[in-house]
Amino acid sequence: MSDVLTALRAALGEDAVSTGPAVAARATSYWDAAPTRARALVRPRDTAAVSRMLAICHAHDQPVVTQGGLTGCVAGAVAGAEEVILSLERMNAIEAIDPLGATATVQAGVTLQAVQDAARAHDLLFALDLGARGSCTIGGNVATNAGGINVLRYGMMRALVLGLEAVLADGTVISSLNRMLKNNAGYDLKQLMIGTEGTLGVVTRVVLRLHPRPVSRDAALVAMDSFDQVTTLLGRMQRDLAGTLSAFEVMWNGYYRAATDTGGHRAAMGREHPFYVLLQAEGADPAGDAARFAQRLEAALEAGLIVDAVMPQSESERLALWAVRENFEAMLAGRQTFLYDVSLPVSAMAAYAEAVQAACAARWPQGRCIVFGHIADGNVHLFVQPGSDEATHADSDAIVYAPLAGCEGSVSAEHGIGTEKIGWLNRSRSAAEIDLMRLLKRSLDPKNLLNPGRVLPP
Ligand code: ZN
């Protein structure tokens, strides 16, 4: 038994520190069913225990990897055999909801969906939303500055965090649980923890910003002939729906074909159209909102902007449309797939997607390159499925990332860098930016013990 594990057990209790089969019984991540490898798994019950744990690990030079819901896409939370896992899963309480101030104070291990449900019970909305809502945690959402489907209206996680509490590498607790929208008293320290993927500290509690809960919801799936039409429709809907447009999900033809073929979803309309858009508006006037939404779609049809439209007639039909966009697991099953998350100016998107698809087709004639995204926030996702045994992740990366340079795009829109994209960070950040990141890292974690080997190249 090593010194560090003995010290952790003494400080936190036997029950909080697992090793051996109890660790191996857990899957590595949502994407990888292999047994978890780690020196130990530590599950504290409160911030004081997290502080004690990190102080002990600091004293023993023990690297620590933080885990939330394990749904991240860049392998940032996958532990190494010599690392100790810090899981916040026992810190999952919703501590308080303030209806007047429209805030929720929660522990970092709570799931996104539990927060959404708790807000709804108070007739409020927690606006972050993404497919992994049932598993991902608020701590992970903060650490990765999560995005998802409502960003065009409410912003990314950064816009929804008012305050937070975090523990630094040496165990120091920084409590910055601000509840106001305005607070310019010096540096806004919470930003050090948002989107830094657990490399500067461990988020333990968060004050979230809530919004009024919309009471109407209108959705449609529409088909379009060109990407110009897609962006024209986006602009019109943002203007004409008076700020109620909350989602605008674009699926290139290959996505829709795959989703309604091997993906197992029913095709609600013809599969030949170049683009499909799933849009949704949420407002405060059910009858008026539904009439306005339908009228604007009709006008777009009459003007030839869209060529076909389906409006769900029931909640189950609406969910079936969303399932085409969110439940893509069957499209991936049994095929080697490289998943991408890039951002670039909307004006450059159509040409970018064409260039990547053409490069994939030239390299792997048997493969497919599936494109979809949130686009209003500049975000496109791609599934590269080479259909060839010789294809490597590096080959695929080169094809997807190379054309970004010409349009000042980013190798990560919302998934972060983790370990997977470290080699590409310098494509999206300058040497001076990366040097400043390193300076922050050295200042807050001089022994390089928090999520080492993530985000920053060695
Ligand atoms: Zn996304």
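Counting starts at 1 for both ligands and their atoms, following the listed order.
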With rounding to 10 degrees, E414 OE2, the Zn ion (ligand 1) and H381 NE2 define an angle of 90°
Output yes when K441 and D445 qualify as a salt bridge under the 4.0 Å nitrogen-oxygen rule, no when they do not. yes
Testing L208, L181, L177, L162 one by one against T103 for a side chain to side chain contact (heavy atoms under 4.5 Å, CB included), which residue passes? L162
If you count every heavy atom of other residues, nucleotides or ligands that lies below 6.0 Å from R429 atom CZ, does the total exceed 12? no
Is the centre of the W252 ring less than 6.0 Å from the centre of the F227 ring? yes
D341 backbone or side-chain N/O/S under 2.8 Å from the Zn ion (ligand 1): no
Are any N, O or S atoms from H374 nearer to the Zn ion (ligand 1) than 2.8 Å? yes
